[in-house]
Amino acid sequence: MSQTLQVALTHAGQRLSAAGVEDFRREARILSAFVLDIDMLQVSLRLEQKLNAEQSAALEDALTLRMARVPMSHILGYRDFYEHRFIVTPDVLDPRPETEELVARALSAPFHNVLDLGTGSGCIILSLLAVNSSARGLAVDQSANALEVARRNAEQLQLIDRVRFCQSDWCAEIAAERFDLIVSNPPYIHPAEWEGLSPEVHHEPKSALTDYKDGLSHYATLAHQLHEFLAEEGRLLFEIGSDQGEAVAQILRQEGYRDIAILEDLDHRPRVVSCRPRTKKRTNLSK
Ligand code: GLN
């Protein structure tokens, strides 16, 4: 029997809530709008509308996935991040609001040529290129599937002419080039912490979240490799876990980087570490 949107919404909310979904009311609305192919703002105006069999079946499928705690982005196929909507698949890290801090900090000074390591969906570099229309960049990932998602996002955002892609284990395959901005949100979660994260996170690529070591090993690898790629007055910005500021700063200090700063988000949580390259002079001095 066909049900109204109002009834479908109530049932959907109850089932999501029972499955432990925190924001169940909002998500019920988003999923309903998704299967009806309408804007979420339209939902309240259409509460009396009857769902046809196809729409009810689509809602049932979406709810089944969400109750299994599949991330919303995998069901909808996208995530809104910074100023744009990004295609998201299980091959890439689901863009997170905290990463918008990295984008905002990167945009606080001019740049012409940006390198993004571990680009995933491309949300960082493409957000940067969308704002800075005279810049170009290189997006790197070890996963060919992730790069394909990033490429689709670049096409969708009409940035494909200003971004190149390179499949590489960090810097291993990147041709010699200097960048005046380097950004990365590497996998930084300690494997023990990963176990305890929400069920949604376990649907994401594990290698995009943890280094399987101490959470810090990728920073050390990158800091070491990036001397060859950072322009003389360039900036290097890493996203960090909120308890990793001092440890990452220490890694950068040991590598000789200068102007190291731990930057906080609006909630005063350390979120980004930034630095500049070692000076030529300093490389010849003992640290
Ligand atoms: N911020 C992500 C999380 O806490 C981690 C992203 C990462 O490891 N780079 O889920």
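For ligands, and for the atoms within them, numbers begin at 1 and follow the listed sequence.
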Ligand 1 atoms in contact with [X] (distance to a heavy atom under 4.0 Å):
X    : answer
L209 : 5 (C), 8 (O), 10 (O)
P186 : 7 (C), 8 (O), 9 (N)
E239 : 1 (N)

message: Among E239, H218, E193, which residue satisfies the side-chain hydrogen bond (donor to acceptor under 3.5 Å, both in side chains) criterion with Y188?
response: E239
message: Can you tell me if V201 contacts ligand 1 (heavy atom of the residue under 4.0 Å from the ligand)?
response: no
query: Hey, does G118 sit under 4.0 Å from ligand 1 if you only count heavy atoms?
result: no
field: Heavy-atom nearest neighbour in the protein, as seen from atom 4 (O) of ligand 1, with distance rounded to 0.1 Å
entry: I189 CD1, 3.8 Å
- prompt: Among all protein non-hydrogen atoms, which one is nearest to atom 2 (C) of ligand 1, and what is the separation to 0.1 Å?
  reply: R96 NE, 3.5 Å
task: Flag R271 as yes when one of its N or O atoms lies below 3.5 Å from any N or O atom of ligand 1, and as no otherwise.
output: no
query: Are S274 and R235 side-chain neighbours, meaning at least one heavy-atom pair lies under 4.5 Å?
result: no
message: If the threshold is 4.0 Å, N to carboxylate O, is there a salt bridge linking E60 and R15?
response: yes
- request: Taking only Lys NZ, Arg NE, NH1 and NH2, and the carboxylate oxygens of Asp or Glu, determine whether R66 and E200 approach each other closer than 4.0 Å.
  value: yes
- request: Assign the ring pair F81 / F86 to parallel, tilted or perpendicular, where the plane angle (0 to 90°) is split at 30° and 60°.
  value: perpendicular
statement: Checking T221, I174, N185, V183 against L117 for side chain to side chain contact (heavy atoms under 4.5 Å, CB included), the one that qualifies is I174
